[in-house]
Amino acid sequence: MINIKSKTFFAAMLAAGLFSVTACNQSSNKQSTNMTDSTTAAGQLPAASNFEKTVDGKQTKLYILKNSKGVQLAVTNYGGRMVSLMVPDKDGKMVDVIAGPGSVENFEDAKGNYYGALIGRFGNRIGNAKFTLEGKEYKLPANNGPNTLHGGKEGFDVKVWDVKPVDDHTLELSYTSADGEQGFPGTLKTTVTYKLTDENAVEISYNATTDKATVVNLTSHTYYNLNGNGAGSILKHKLQLDADQITPVDKTLIPTGKLNAVQNTPFDFRKATEIGARINEGDEQLKFGQGYDHNFVLNKHTLQTPIATLQGDKSGIVMEVFTEEPGIQFYSGNFMKGDFKFKGDIKDDNRTALALETQHFPDSPNKPSFPSTELKPGQTYKTTTIYKFSAK
Ligand code: GLA
């Protein structure tokens with residue numbers, strides 16, 4: 001279900017962008033000089049110099065957004081990734097709640113984990129790496145067993161996005177995906193805006209248009225540890241999800257097309273529950289995912305009410321997720337193996353971070369009963385997800 005929203009709003013966004021570009025340029029330059037010697041730990045942003053690179057002939061950088069409460073969000077245009085987010089814990093201490101690498105090289109090494117990345121053209125899996133649209137079959141690269149995961153071998157996570165700093169708390173990223181890129185039809189013009197609000201929320205707005213009928217499902221694959229990057233397991237985090245059902249999967253993690261009730265299963269997060277409480281139960285779905293790696297079917301909701309709430313057991317930091325999407329992939333970091341480096345020179349050990357990826361359901365192009373992911377010429381794909389932080 002693609003939302004087509006008013007042109008006026010879009011025009012206003014563009015206009016806002018045009019006259020405030022300089023402000024952010026200055027602020028990110030200031031940040032770069034402050035940060036040259038710092039890499040690390042839960043309390044600091046990574047060095048801007050770790051992000052100065054040329055990838056595919058394009059310049060990568062680190063951009064810092066700030067709000068009036070001293071909260072800072074670091075984003076790189078390499079894969080449009082969220083790198084760090086410093087928010088206050090229950091004692092007012094600033095904690096980096098984004099778990100992930102601290103340099104372009106370390107992001108490149110850990111490509112298959114999609115740390116912090118914008119995902120496109122299609123979030124999660126498309127079964128057997130193909131789909132049929134308007135009577136034509138499209139073949140995609142298989143990069144996850146027989147399936148296509150997160151847009152294929154070279155998804156939006158490895159593209160260098162064009163950047164338009166809007167003001168000191170807003171960054172606009174764009175990427176145009178050529179007709180046929182990774183097998184998908186249509187030239188897809190994509191814009192993603194990150195906005196850090198004074199309410200300590202990160203608002204991510206996705207926009208896309210096409211010149212041929214296509215499918216699209218964009219998301220943010222940011223990994224969180226609300227106790228801080230490098231603060232160990234997430235199994236004691238408490239999670240609440242406003243979902244009565246999941247889309248169960250087969251052993252290659254493709255939805256069967258059915259909807260399973262969460263009641264009386266380890267997938268019932270309707271009341272806040274520790275993530276580790278049931279993760280090792282002998283449930284077939286948990287075995288397939290090696291833990292939680294499932295799309296939850298969100299109950300009827302609007303952008304005004306959170307559909308997910310996560311709390312860090314040590315920090316007291318709470319993250320509420322608001323979205324216009326019908327589903328959310330809860331991934332408990334099962335395939336993290338300690339092979340790659342996170343900020344502060346620590347390893348990405350198993351389940352030391354988790355992702356809550358808002359989305360249309362996986363394999364929708366092959367599942368007519370799921371909400372549609374089709375986008376036609378003349379329509380605008382437009383969807384917003386908000387991650388809001390507090391502490392108690
Ligand atoms: C998604 C998938 C997982 C895994 C991660 C990245 O969440 O559903 O199976 O591939 O991305 O490692």
Side-chain angles (χ1 to χ4, degrees), residues 79-82 98-101 106-129 140-158 182 217-225 234 239 241 243 246-256 267 269 275 279 284-297 308 310 321 323 325 327-342 347-367 370 373 385 387:
R81 295 170 194 249
M82 281 168 64
I98 294 181
N106 290 348
F107 275 116
E108 286 174 324
D109 290 346
K111 182 176 183 280
N113 289 355
Y114 303 91
Y115 288 122
L118 289 178
I119 301 294
R121 295 184 183 199
F122 203 95
N124 213 277
R125 292 174 179 78
I126 297 182
N128 291 318
L140 312 170
N143 61 336
N144 189 251
N147 308 319
T148 301
L149 176 65
H150 295 328
K153 288 198 167 86
E154 297 282 317
F156 289 5
D157 54 293
V158 293
Q182 297 296 295
N217 192 23
L218 306 179
T219 192
S220 161
H221 207 307
T222 299
Y223 287 65
Y224 297 92
N225 183 324
I234 47 82
L239 177 65
L241 286 172
I246 60 163
T247 50
V249 287
D250 66 17
K251 60 178 188 309
T252 74
L253 300 184
I254 293 298
T256 60
F267 291 84
F269 281 96
I275 289 168
I279 200 167
E284 184 183 57
Q285 286 298 312
L286 285 176
K287 279 190 194 142
F288 288 161
Q290 297 179 36
Y292 296 104
D293 190 359
H294 294 80
N295 174 64
F296 286 70
V297 179
L310 180 71
V321 186
T323 190
E325 287 301 298
I328 193 165
Q329 187 82 9
F330 165 36
Y331 170 57
S332 53
N334 315 314
F335 304 125
M336 298 169 68
K337 292 198 178 78
D339 293 337
F340 304 114
K341 263 193 202 166
F342 272 2
K347 288 189 188 146
D348 65 340
D349 288 328
N350 192 240
R351 296 183 179 155
T352 54
L354 64 91
L356 286 167
E357 307 149 62
T358 58
Q359 61 186 6
H360 270 55
F361 306 168
D363 202 30
S364 294
N366 294 310
K367 297 282 184 313
F370 287 176
T373 49
T385 292
Y387 296 88

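Atoms within each ligand, like the ligands themselves, are counted from 1 in listed order.
- Shortest non-hydrogen contact noted between F267 and L286 is CZ-CD2, 3.8 Å.
- Ring geometry for H221 versus Y114: interplanar angle under 30°, hence parallel rather than tilted (30 to 60°).
- When each of Y331, F330, F335 is tested with Y292 by the rule ring-ring contact (aromatic ring centres under 6.0 Å, His included), just one qualifies, namely F330.
- Residues that satisfy the side-chain contact (heavy atoms from CB on, under 4.5 Å) test with D109, not counting sequence neighbours, are N106, F340.
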Ligand 1: which protein N/O atoms lie under 3.5 Å from its N/O atoms?
from	atom 1	to	atom 2	distance (Å)
ligand 1	7 (O)	H221	NE2	3.4
ligand 1	7 (O)	E357	OE2	3.0
ligand 1	8 (O)	N124	ND2	3.0
ligand 1	8 (O)	R125	NH1	3.0
ligand 1	8 (O)	D293	OD1	2.6
ligand 1	8 (O)	D293	OD2	3.4
ligand 1	8 (O)	Q329	NE2	3.4
ligand 1	9 (O)	R125	NH2	2.6
ligand 1	9 (O)	D293	OD2	2.3
ligand 1	11 (O)	H150	NE2	2.9
ligand 1	11 (O)	H221	NE2	2.8
ligand 1	12 (O)	G112	O	3.4

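- Considering T323, N295, T385 in turn, N295 is the only one that fulfils the side-chain hydrogen bond (donor to acceptor under 3.5 Å, both in side chains) rule with Q359.
- N334 contributes a side-chain N or O that, together with a main-chain N or O of G289, makes up a donor-acceptor pair within less than 3.5 Å.
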